[in-house]
Amino acid sequence: MVTSSLPLRLNRLSSNCSTVNLWNSQIREAVNKNHPRKALLLFRQMKQNAIEPDNFTFPFVAKACAKLSDPKYSQMIHTHIVKSPFFADIFVETTVVDMYVKSRRIDCAYRVFDEMRDRDVTSWNAMLVGFVQMGFFDRVCGLFCEMGLVGIRPDSVTIMGLTQAVSNSKNLYMLKGIHLFGIKIGVYGDVSVANTWISAYAKCGDFGSAELVFDGIEEGLRTIVSWNSMIGGYANDDKFFNALNFYKYMIGDGFRPDVSTIVSLLSSCKQPEELFQGKLIHSHAIQCGCDLAISVINTLISMYSKCGDVDSARFLFDGMHDRTCVTWTAMIGGYSGKGDMDAALGLFSAMEAVGEKPDLVTVLSLISGCGIIGGLELGKWIDSYAGSNGLKNNVMVCNALIDMHAKCGSIGAAQELFYVMSKRTVVSWTTMVAGCALNGEFREALDLFHEMVELGLRPNHITFLAVLQACTHAGFLEKGWECFNTMIDVYNINPGLDHYSCMADLLGRKGKLKEALDFVQNMPIKPDVGIWGSLLSACKIHRDVEIGEYAAHRLFELDPHMAAPYVEMANIYASAGRWDGVAKMRSMMKCNKVRKFPGQSHVEVNGKTRTFTVEDRDHPEGILIYELLDCLSFQSKEDASHSQHLEGISDHDLR
DNA sequence: GTAGGGTTAG
């Protein structure tokens, strides 16, 4: 029986062999042409035709799954492989590890990797890159050590993985170590390695080293990616002009910009003043034919929104036929960023209606929009939406919600969330400190700050800004100085314009005008309108004509068209009975064609946002509102006189 | 004919 069936089996095997080659080449072609679904379909048809896949089939199919990055398909293919005779093939198993890594199932990837009998450098690299992508820094280090212990020599891919890992944690010291190690094992000539080093150094803020690596790439080996790494590095650090310079050199060197070049340059235009530059890059994108790529359009939508031209953003959005979650989020973010929550929510429901699932970033931008307009009711709704979609396990979402609650005046809810969240980062603490400062809980803000320091967390420049703001608003002069000096001496943080501004404001409010002026005149960075403005306001409170005049003149020099300094100075003159000065300010305003636009505030009533300005009498119940307001300010003055004994809080702060 | 890798968006 055995002998009679043998020729038949052999015959079937050989026919399977030639057929399977045919299927393999078709599947390979589909994968290489970036049609992963077609590849999987071919695989299914192959099985339906009772053709057994071989050790060449599976790596192709696994690659298709990796491209789809859907754990559902990955698991299905893995089951097929386990049942096949090739489950222990090193090539096949390594692709399975990679497939799970790309489907973000790092647990499955590790299980397969761990059970492999045979592993070469490629298998280790696949796993290492997986940990890098997940941001598991400790696992990366652990795996790298282990690989050395079992005698696997790292190669250029290993170095790239390690480089990315340390650049994500912005560890310049370790980056230099890996750079040296790479030179030692001889992979520095690999242009891909050099490219990762360039962007890693840029991410760590060491542009000198980034340029050195760039210059060190052998002439003729430089690729568009090398240029993009340099341009992207500068662009990500908001150094638009350095990025643009490299862009010019790149063109001069005969390279044409690609999608990545355009995206990097566009994403560094985020202020209304940068709209012109953004448009310039847009025109370049059209010239090089990149303007139809979805990532470019998404970035354009975001660029136009951030630069204040939401209509252009919407025009692009409406003209698209393939919108991804990023597209919707960019547009929603555009509306949220300017406080147009009606439009943002309209798009949010439209997005859900077309079946596009909002993700973390979508929700984050809606939350921040609520904070901008002080829309507590809406904020609460998004809070519960985040909760029911499992997003409240995410630190960033919790931080945004804390910020939103604090900005809407609901400090209790902010505190509650802060104490129940499972993991608090420096950002969480900073947000809470700032929230307390904003809501007048100055002591609480300082207590929180000390608590975080005691817990061993390292406050950053934003934390110190929040603490200084608390001190300024509370009028805690000594505490303010203490924090300012601690920041410099203990934490080696260079104070920025905002920190100087806070200190100047604090000194001014406390009536130490001479000291404030001295402080501003001796600061190492050029004082801006904010600093001179707060000094001028302090002069108004303390009726100091002389220093007021000095500050006002600095402001006139910086921007002669700004109305506030003329008005403030006129008030200072008026309170000193200097009517000549008042008249002079009026004529200067006229001469410089200065017009005063009143500032606006927003308040949410019954879910609807209302805008109002100083002396706004437009509301139908205006009279009633102002009566209530008088009543409230009378009450607060009464309260103030009772709490005069509170340390450090002056009468002026309570006006 | 089979595996891991460089820049980039909300």
Side-chain angles (χ1 to χ4, degrees), chain A residues 20-22 24-29 31-32 53-63 66 86 89-99 101-102 109 113 119-130 132-133 155-164 187 190-200 202-203 217 223-233 235-236 257-268 290 293-303 305-306 313 317 323-334 336-337 358-362 364-365:
Chain A
V20 80
N21 285 348
L22 229 78
N24 281 351
S25 62
Q26 282 203 52
I27 293 172
R28 187 187 50 182
E29 200 188 319
V31 175
N32 289 342
D54 67 3
N55 56 328
F56 288 98
T57 321
F58 286 119
F60 294 138
V61 178
K63 205 169 187 177
F86 309 106
D89 182 297
I90 188 165
F91 282 97
V92 174
E93 280 192 300
T94 305
T95 28
V96 172
V97 172
D98 181 55
M99 175 181 77
V101 161
K102 301 251 165 63
F113 174 79
R119 289 183 287 211
D120 62 7
V121 66
T122 309
S123 330
W124 284 88
N125 285 341
M127 197 61 240
L128 189 102
V129 167
V132 173
Q133 279 167 8
D155 68 359
S156 56
V157 180
T158 324
I159 296 299
M160 282 190 267
L162 291 174
T163 306
Q164 284 170 331
V187 297
D190 186 326
V191 68
S192 301
V193 175
N195 295 342
T196 25
W197 282 339
I198 293 169
S199 39
K203 269 186 199 156
I217 302 175
T223 63
I224 180 79
V225 181
S226 318
W227 287 99
N228 286 345
S229 304
M230 222 39 248
I231 294 168
N236 263 331
D258 70 355
V259 169
S260 171
T261 327
I262 298 294
V263 164
S264 293
L265 287 170
L266 281 175
S267 64
S268 71
C290 293
I294 189 149
S295 54
V296 170
I297 310 177
N298 291 344
T299 321
L300 279 167
I301 292 174
S302 167
M303 182 276 290
S305 301
K306 284 183 199 150
F317 178 86
R323 300 187 187 113
T324 64
C325 176
V326 178
T327 319
W328 288 95
T329 306
M331 201 58 240
I332 289 171
S336 295
D359 72 355
L360 197 132
V361 190
T362 326
L364 280 176
S365 71

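Letters A, B, ... are given to chains in the order of the sequence lines, protein chains preceding strands, and every chain is numbered from 1.
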Under-3.5 Å donor-acceptor pair between [X] side chain and [N] base:
X        : N      : answer
A/Asp190 : B/dG6  : no
A/Ser260 : B/dT7  : yes
A/Asp120 : B/dA3  : yes
A/Asp359 : B/dG10 : yes
A/Thr196 : B/dG6  : no

Without hydrogens or angle criteria, can the side chains of A/Thr94 and A/Ser123 be said to hold a donor-acceptor pair below 3.5 Å?
-> yes
A/Trp328-B/dG10 aromatic stacking (under 5.5 Å, under 30°) =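 A/Trp328 vs B/dG10: stacking no.
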Any side-chain N or O of A/Lys102 less than 4.0 Å from the OP1 or OP2 oxygen of B/dG5?
-> yes
Does A/Gln164 make a side-chain N or O approach to OP1 or OP2 of B/dG6 shorter than 4.0 Å?
->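 True: A/Gln164 side-chain N/O within range (under 4.0 Å) of B/dG6 OP1/OP2.
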Between residues 293-301 of chain A and DNA chain B, which residues have a heavy-atom gap below 4.0 Å?
-> A/Ser295, A/Asn298, A/Thr299
Does A/Lys306 have any salt bridge (charged side-chain N to carboxylate O under 4.0 Å, His left out) partners at least two apart in sequence or in another chain, and if so, which?
->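 None.
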Under the ring pair (Phe, Tyr, Trp, His ring centres under 6.0 Å) rule, collect the residues that match up with A/Phe317, sequence neighbours excluded.
->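 Result, ring pair (Phe, Tyr, Trp, His ring centres under 6.0 Å) vs A/Phe317: A/Trp328.
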